[in-house]
Amino acid sequence: MQQNKQLKKIKALLLASLVLPLAAAELGPVTQQDTLWSLAKAARGDAPYSMYQVIIALQQKNPRAFIGDNVHHVQAGAVLTIPTAEEIAAIDVESARQKVEADEQRWRDLQKQQRIGRKAAGKPKMGYSAQATMRLIQQAVVTKPLVVTATTPAQNAVPAEPATVRVPMAATATATASSTASPPEHWTDRLQSDSTFGLDSRWYAKKGLQQQAQASISASLLQEWYWQSADETDSFTFSPYFRVDQRDPERNLIDLRQAFWLRVGSGWELKVGVDQVFWGVTESQHLVDVINQTDLVDNIDGETKLGQPMLQYNLFGDWGTLQTFLLPYFRERTLAGPDGRLRLPLPLLPDEALYQSGREQRHLDWALRYAKQLDQLDLAWSYFQGTSREPGLVTLGNSGFFSPYYPQMKQVGLEGQWIVDSWIWKLESIYRDYHQNLNAQNQYTQSQLGHFYAATAGFEYSMVGVMDSNYDLGWLMEYQYDSRGMAATGPGQRDLFLGARLAWNDEAGTELLFGFAQDLDDRGSRSGMLEASTRYNNNIRLRLDAWFFHTYRMDQPIWWFRRDDYVQLGIDYYF
């Protein structure tokens with residue numbers, strides 16, 4: 001018996017020595033259809049090695065093809081050199097598994113930030129701009145900017161999304177000896193264009209409190225142009241967004257999601273124009289996210305944002321990242337009209353907004369944010385001073401109508417996440433202080449203005465390859481606290497959020513996220529959500545979203561939404 005085992009082992013080693021040398025010495029160029037698993041499988045062939053060993057060996061053999069030392073950040077266009085049998089065998093299986101799973105957690109958190117960014121910009125998963133992806137990776141993965149050179153296609157590529165790899169910003173063939181004879185490059189060769197047409201149909205379980213319709217259809221169009229200079233130090237992004245709704249005129253929107261010039265230097269970058277900036281790490285709510293205004297009529301989760309005019313200057317180094325913002329113009333929050341759903345049953349005049357500042361929308365706001373990565377711990381401190389993005393409601397004299405009111409405020413924020421094996425521990429907390437010098441016409445109660453603090457803390461635990469399958473399952477739990485109690489403007493005064501995230505890891509990029517928030521002071525008050533998406537083909541993505549609200553108490557913020565449970569089916573067409 002022992003002799004048979006030895007013969008099998010010798011046979012496997014001989015097979016590996018035959019298969020690997022006969023296989024191609026290189027893999028690639030990596031395309032959008034490749035996955036990390038398929039690349040490792042091709043490199044392994046029939047050799048008796050763990051896939052984890054092969055993945056780590058591929059990374060060690062091709063360090064420049066993996067951004068941020070993360071195995072899930074494969075650069076599109078990269079040509080990977082296949083490691084030898086000895087190099088693969090030298091990798092410890094358990095250490096390799098821990099590395100792959102730890103990198104998966106970091107990538108998942110980055111995915112979440114990108115998902116928020118795509119929602120706020122109205123962008124599809126595969127249409128996210130190359131420049132925006134690079135900026136997110138610079139902020140969330142490394143502590144200094146990636147210095148991208150134009151020496152090879154692999155170095156000029158864009159980082160991959162998990163399971164699939166992005167197409168390079170400018171598709172280029174592998175360099176050959178004849179490439180020097182190519183005609184001079186025109187500036188339009190560096191112009192990238194993406195278009196997305198979206199169609200959403202929403203169904204409500206009941207008629208609204210004001211007898212609004214149970215169904216509505218909306219259509220949207222997002223156009224994006226991105227240009228980068230030949231030396232990759234200057235870029236320009238322009239993204240107009242259009243939306244029209246069947247029922248609610250307040251949902252009709254023409255917006256500039258992005259329209260900015262970016263200059264990148266050694267350890268710094270300067271941005272001027274309109275952009276979207278996202279802060280925060282938690283899933284259930286985003287307390288610290290204060291730069292951009294919320295497009296509330298798009299989705300009640302608050303993750304869709306309007307473009308914000310800004311001057312932004314960032315400094316990068318081993319000491320961390322410092323971001324500075326000057327915000328010269330304020331965007332008012334979108335609110336549902338009389339024929340819209342998910343609205344307060346009040347006679348509201350959203351176009352008659354009032355401001356505490358005499359400069360109104362032209363008040364100069366400013367903000368700072370410092371971020372530092374300490375091994376597996378990511379921390380960020382932020383400070384904001386200016387017009388509150390969250391409006392209150394005040395009466396307009398004796399007219400009986402209400403108007404949005406935007407006071408001045410100061411906010412200090414803290415973000416943190418700690419990655420330990422398959423766990424991500426998360427924290428967001430803020431301290432906010434409202435200015436109180438209000439005139440008699442626009443009085444608020446002390447419970448509505450003043451100062452308060454709030455926090456959201458919890459974890460996400462991920463199970464990669466559940467039961468040896470391709471599925472990844474993540475469990476989420478977060479506790480929400482607001483010192484204002486029942487006077488809080490949102491439902492998270494003392495709630496517990498529980499959720500699950502399931503990724504199929506298939507070619508369609510199928511994902512599902514489900515969660516619900518339970519009020520710990522009132523067992524009868526809860527809300528829940530579901531988000532799911534899958535790609536039908538290269539041009540079409542299907543989306544499914546749903547929300548429900550349940551309470552018996554009038555003092556609960558969700559009381560006014562108790563008849564607004566809905567399901568929404570969306571289709572995105574990329575062209």
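Only heavy atoms go into these numbers, but all of them, side chains included; no hydrogens, no water, no symmetry mates.
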TODO: Please say which of Arg432, Arg389, Glu390 ends up in a side-chain contact (heavy atoms from CB on, under 4.5 Å) with Met409.
DONE: Arg432
Under a 3.5 Å distance rule, please check whether [X] uses its side chain to pair with a backbone N or O of [Y] as donor and acceptor.
X: Gln210; Y: Asp339; value: no
X: Glu511; Y: Ala503; value: no
X: Asp482; Y: Ala454; value: no

What I want to check is whether the side chains of [X] and [Y] have a donor and an acceptor closer together than 3.5 Å.
X: Asp275; Y: Gln258; value: yes
X: Thr456; Y: Gln285; value: yes
X: Ser195; Y: Gln223; value: yes
X: Ser284; Y: Glu478; value: yes
X: Ser201; Y: Gln568; value: no
X: Gln408; Y: His363; value: yes

- [ ] For residues Phe384 and Trp366, establish whether the separation of their ring centroids is below 6.0 Å.
- [x] no
Are any non-hydrogen side-chain atoms of [X] and [Y] less than 4.5 angstrom apart?
X: Arg202; Y: Leu569; answer: no
X: Gln312; Y: Phe260; answer: no
X: Tyr405; Y: Gln356; answer: yes
X: Tyr566; Y: Leu342; answer: yes
X: Val412; Y: Ile430; answer: no
X: Arg257; Y: Leu222; answer: yes

Open item on the list: Would you say that more than 12 heavy atoms from the other residues, nucleotides or ligands in this model lie under 6.0 Å from the CZ of Arg362, or not?
Closed with: no
Task: Stacked cation flag Arg484 on Phe452, 6.0 angstrom / 45 deg - done: yes
- [ ] Dump the intermediate steps for salt bridge (charged side-chain N to carboxylate O under 4.0 Å, His left out) on Asp200 and Arg543, then the final yes or no.
- [x] CA-CA 9 Å; Asp200 293 275; Arg543 294 176 284 103; 3.0 Å; yes
- [ ] Please identify each residue that fulfils side chain to side chain donor-acceptor pair (under 3.5 Å) with Ser527, with sequence neighbours left out.
- [x] none
Angle between ring planes, [X] versus [Y], binned at 30° and 60°: parallel, tilted or perpendicular?
X: Tyr355; Y: Phe330; result: perpendicular
X: Tyr573; Y: Phe575; result: parallel
X: His451; Y: Tyr431; result: tilted

Task: Ion pair Asp295/Arg333, N-O distance below 4.0 Å - done: no
